[in-house]
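No experiment lies behind these values; they were computed from the predicted model shown. Start at 1 with the first residue, then count along the sequence.
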Amino acid sequence: TVEGRRVAVGSKRLMRRLGIDPDGFAARAEALAREGQSPLYAAIDGKLAGLIAVADQIKPGTPAAVESLRRLGLRIVMVTGDNRGTAEAIARRLGIDEVRAEVLPTEKARIVADLQGDGSRRVAFVGDGINDAPALAQADVGIAMGAGTDIAIESADIVLISGDLRHVPEAIALSKATMTNIRQNLGWAFGYNVLLIP
């Protein structure tokens, strides 16, 4: 309530839940979403009054991180609560083909479980917000940004202190190299024991 008037600001879903028709700004909202901006609707006393656009800036290292992950042969899926048009615009800029948008926190965890399938595929999830915590916990490897929320950091298996996404492919490559080293060492130890103990 602002100066005796009811003010609501939020998504199209919120406006509909409040019984307010957001379609008066539909064309402008879609145009903003195509530009990578998330449209928020403003209503005063139950009537649509305006549109606010907010946008996250793509961090400088993100395109390089996505390309490095692609070179590792990984399937990349953007999972976000953002507006579909906004998410698809950002995904196009980053070269990400698969987008799941307008999802709730519990749906993020369900999407991770679906991607895991019967357990034969390993899924890593990268996130930094409260909304990402269930998905970080569900993933085989949860990777949180150091600048993220405490609950995201607590839910993750790996925390990247710098918050630079370029460290994600580095962490994956390092873990693969470590596992290769472990397997080689076990192989040598097994072979040594088989040959020399008798």
Side-chain angles (χ1 to χ4, degrees), residues 1-2 5-70 74-112 115 124-136 143-149 151-153 160 162-169:
T1 303
V2 179
R5 304 181 79 182
R6 283 184 312 121
V7 177
V9 177
S11 67
K12 185 188 293 188
R13 191 180 340 192
L14 173 67
M15 292 297 125
R16 288 209 168 108
R17 198 166 65 228
L18 295 174
I20 301 165
D21 182 10
D23 292 337
F25 290 119
R28 182 67 185 130
E30 287 172 19
L32 289 167
R34 282 192 301 273
E35 295 169 10
Q37 299 178 57
S38 296
L40 298 173
Y41 298 83
I44 300 173
D45 292 330
K47 289 187 172 51
L48 199 59
L51 192 62
I52 301 166
V54 295
D56 288 325
Q57 296 298 316
I58 295 175
K59 292 181 181 177
T62 304
V66 170
E67 184 53 36
S68 295
L69 291 169
R70 188 174 284 106
L74 301 176
R75 174 181 174 193
I76 303 167
V77 181
M78 177 190 284
V79 181
T80 179
D82 286 344
N83 170 287
R84 176 164 304 286
T86 303
E88 288 174 351
I90 291 169
R92 275 192 303 275
R93 285 190 215 157
L94 294 173
I96 298 173
D97 298 325
E98 196 171 342
V99 178
R100 313 278 176 94
E102 299 177 4
V103 297
L104 299 172
T106 53
E107 292 172 328
K108 288 183 180 184
R110 183 188 51 75
I111 288 168
V112 169
L115 291 170
F125 187 90
V126 181
D128 64 357
I130 293 170
N131 295 340
D132 297 323
L136 286 164
I143 304 172
M145 299 293 116
T149 61
I151 192 166
I153 290 169
L160 300 177
S162 71
D164 187 340
L165 283 174
R166 287 176 289 199
H167 296 301
V168 172

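Nearest approach of Leu48 to Gly24, heavy atoms of both residues: CD2-N, 4.2 Å. Across all their heavy atoms, Gln37 and Ala55 have their closest contact at CG-CB, 3.9 Å. What you find for Ile76 and Val66 is that their closest heavy atoms are CD1-O, 3.5 Å. When every heavy atom of Gly46 is checked against every heavy atom of Ile20, the shortest pair comes out as O-CG1, 3.5 Å. Looking at every heavy atom in both residues, Leu136 comes nearest to Gly127 through CD2-N, 3.9 Å. Summarising the geometry of Met15 relative to Ala43, their closest heavy-atom pair is SD-CB, 3.9 Å, with the distance given to 0.1 Å.
Taking 4.5 Å as the limit, some side-chain heavy atom of Asn83 sits within range of a side-chain heavy atom of Glu102. Side-chain atoms of Val79 and Glu107, non-hydrogen and from C-beta on, never get closer than 4.5 Å to each other. At least one side-chain heavy atom of Leu104 sits less than 4.5 Å from a side-chain heavy atom of Arg13. With contacts defined as side-chain heavy-atom distances shorter than 4.5 Å, the pair Lys108/Asp132 qualifies. Taking the side chain as every heavy atom from C-beta outward, Met78 and Ile90 approach each other to under 4.5 Å. A 4.5 Å side-chain heavy-atom check between Met145 and Val168 finds at least one atom pair inside the cut-off. Contact annotation: the side chain of Leu14 never approaches that of Pro22 to less than 4.5 Å [non-hydrogen atoms, C-beta and beyond].
Note that the CD atom of Glu88 and the CD atom of Glu98 stand 12.0 Å from one another [nearest 0.5 Å]. Distance OG/Ser11 to CZ/Arg17: 7.0 Å, rounded to 0.5 Å. Within the model, atoms CD1 of Ile52 and OG of Ser38 stand 12.0 Å from one another, a figure rounded to the nearest 0.5 Å. Residue Leu94 holds its CG atom at 11.0 Å from CG of Leu69, rounded to the nearest 0.5 Å. Taking CD1 from Ile151 and CG from Asp128, the interatomic distance works out to 13.0 Å, rounded to the nearest 0.5 Å.
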Can you list the steps and then say if Val99 with Arg92 is a side-chain contact (heavy atoms from CB on, under 4.5 Å)?
CA-CA 10 Å; Val99 178; Arg92 275 192 303 275; over 6 Å; no

Before giving the answer on side-chain contact (heavy atoms from CB on, under 4.5 Å), spell out for Tyr41 and Leu51 the whole-Å C-alpha distance, their side-chain angles and the decisive distance to 0.1 Å.
CA-CA 5 Å; Tyr41 298 83; Leu51 192 62; 3.7 Å; yes

Could you give me the CA-CA distance, side-chain angles and deciding distance for Arg6 and Leu18, then say whether side-chain contact (heavy atoms from CB on, under 4.5 Å) is met?
CA-CA 11 Å; Arg6 283 184 312 121; Leu18 295 174; over 6 Å; no

Test side-chain contact (heavy atoms from CB on, under 4.5 Å) on Leu165 and Lys59; report intermediate values, then the result.
CA-CA 8 Å; Leu165 283 174; Lys59 292 181 181 177; 5.7 Å; no

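When each of Ile143, Val77, Val112 is paired with Phe125, the side chain to side chain contact (heavy atoms under 4.5 Å, CB included) condition holds for Val112 and for no other.
Among residue pairs with one or both ends in residues 29-47, those qualifying as salt bridge (charged side-chain N to carboxylate O under 4.0 Å, His left out) are Arg5-Asp45; sequence neighbours excluded.
Using a cutoff of 4.0 Å between basic side-chain nitrogens and carboxylate oxygens, Asp97 and Arg75 are not scored as salt-bridged.
Counting non-hydrogen atoms of other residues, nucleotides and ligands closer than 6.0 Å to CD1 of Ile130 gives a total of 12 or fewer.
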